[in-house]
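These numbers come from a predicted model, not from an experiment.
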Amino acid sequence: MSIFSKYEGLASALSAVTAGGGRNPFNVVIEKPISSTVGLIEGRETLLFGTNNYLGLSQSPAAIEAAVEAAKAYGVGTTGSRIANGTQGLHRQLEERLCAFFRRRHCMVFSTGYQANLGTISALAGKDDYLLLDADSHASIYDGSRLGHAQVIRFRHNDADDLHKRLRRLEGTPGAKLVVVEGIYSMMGDVVPMKEFAAVKRETGAWLLADEAHSVGVMGEHGRGVAEADGVEDDVDFVVGTFSKSLGTVGGYCVSNHAGLDLIRLCSRPYMFTASLPPEVIAATMAALTELENRPELRVRLMDNARRLHAGLQAAGLRTGPQASPVVSVILDDVAVAVAFWNRLLDLGVYVNLSLPPATPDQHPLLRTSVMATHTPEQIDRAVEIFAVVAGEMGINRAA
Amino acid sequence: MSETVASVSALIVKTLLANPKVPRDINGSSKIVEDLAFDSLAVMNFVMEIEDTLDVSVPLDRLADIRTIDDLAACIVSLKQAS
């Protein structure tokens, strides 16, 4: 028996997706980014509507310059973990910069956003504690819960009353209760009602961790995310995030006012047992952070673009989520139709993410798009036009 | 009110049968994943429904040991007794 025989179901699902000459959606190669919004795919210039690069900063000239200078000055890697030889002056500078940006006293930087959730959640919630997770949490949150030893309880998506009910059931049980929510949920782009969750946290004495991976740089007057936008930053004990969305690089962080966060450095395995971020990434991240702070107009443009894309797709007779946010997903009913639709979009020069159940809420396949501040109105209109053409070809646009 | 494994199992079967996609011949010894063709997400969502009906929370790590409807019923009864 092959060691891979347990994956026969996966193999046949992949065969079904690629039947009839369709592409493997998990193996698309962007041969070269031409700009933040256009990439070369299969030799063709393709509009990028699925990169999470919300402010377009992956191609920021200032960040690129900073990376080049840092590589020249410091080399290209640290060859060590944060607790051994992998902490350089730049790591400390970045942590201080993030403390200043978030107005928090403590910060830990991780090598990826995935590891930030893994390392923070698994270390904060110990054996005798309870983790309360939104049902639609990202895989990194679920994986963090598996790496730790806390009891894990799910509550209904974005439903603070349901969380309250589940916390009430735990009344009188020993152990800390850590609630985990996301600012913007990555599949449908829906925003957490943070004020409502903050009220439940205050009433029940639970701890609150917000993963603002998709909302930092996007929401709030200063770009600090949904907690800032809702005026409840003091109620959020821990903010976790990533550099690989609005900051355009790679890495993750956790910020907090709790001094205990520094103890996590001594017990968080995803922090301790992996190589730290290389100098050029840190320098580029700090340059991107400066841009995020100094160019609030990027956030205005981003939300204008989000509304334009959301309205355009709805006008084309496609079903989307209710909120206009930088993640706009077209909801379909049938996996085969979603796969064919996604392939045709790429044929016609638009790249989006194909998201299939069970990785999506409610078992619906999604054509997940993400918009950028750097998209022009013409690029958005062109993408919407191509969506409409394909929907027409496939006979799935609802009567407008 | 004191639930028994049999009464909770019967309630789970009744709740499952409300879903037209579930096979009609299920009983307490039916395997949740194999016999009902539920994936991991479907199992978690279904358990949430049962939790609300019985006002109990089933931690995810407990789900890992559950194969049959009766296993789930026994787990819920033990959680209710513990609380």
Geometric donor-acceptor pairs, no angle filter, chain B-chain A, under 3.5 Å:
{"residue": "B:Met44", "atom": "O", "partner": "A:Arg154", "partner atom": "NH1", "Å": "3.3"}
{"residue": "B:Asn45", "atom": "OD1", "partner": "A:Arg154", "partner atom": "NH1", "Å": "3.2"}
{"residue": "B:Asn45", "atom": "OD1", "partner": "A:Arg154", "partner atom": "NH2", "Å": "3.1"}
{"residue": "B:Glu51", "atom": "OE1", "partner": "A:Arg166", "partner atom": "NH1", "Å": "2.7"}
{"residue": "B:Asp52", "atom": "OD1", "partner": "A:Lys165", "partner atom": "NZ", "Å": "3.2"}
{"residue": "B:Asp52", "atom": "OD1", "partner": "A:Arg166", "partner atom": "NH2", "Å": "3.1"}
{"residue": "B:Asp52", "atom": "OD2", "partner": "A:Arg156", "partner atom": "NE", "Å": "3.2"}
{"residue": "B:Asp52", "atom": "OD2", "partner": "A:Arg156", "partner atom": "NH2", "Å": "2.6"}
{"residue": "B:Asp55", "atom": "OD1", "partner": "A:Arg168", "partner atom": "NH2", "Å": "3.3"}
{"residue": "B:Asp55", "atom": "OD1", "partner": "A:Arg169", "partner atom": "NE", "Å": "2.8"}
{"residue": "B:Asp55", "atom": "OD1", "partner": "A:Arg169", "partner atom": "NH2", "Å": "3.4"}
{"residue": "B:Val56", "atom": "O", "partner": "A:Arg169", "partner atom": "NH1", "Å": "3.0"}
{"residue": "B:Ser57", "atom": "OG", "partner": "A:Arg169", "partner atom": "NH1", "Å": "3.0"}
{"residue": "B:Leu60", "atom": "N", "partner": "A:Val152", "partner atom": "O", "Å": "2.7"}

Legend entry - Listed partners of B:Val5 passing side-chain contact (heavy atoms from CB on, under 4.5 Å), at least two apart: B:Ala73, B:Ala74, B:Val77
Legend entry - Portion of B:Val47 that has a non-hydrogen atom of chain A nearer than 4.5 angstrom: neither
Inset, instruction - Rounded to the nearest 0.5 Å, what's the gap from CG on A:Leu131 to CG on B:Leu60? Could you check? - result: 9.5 Å
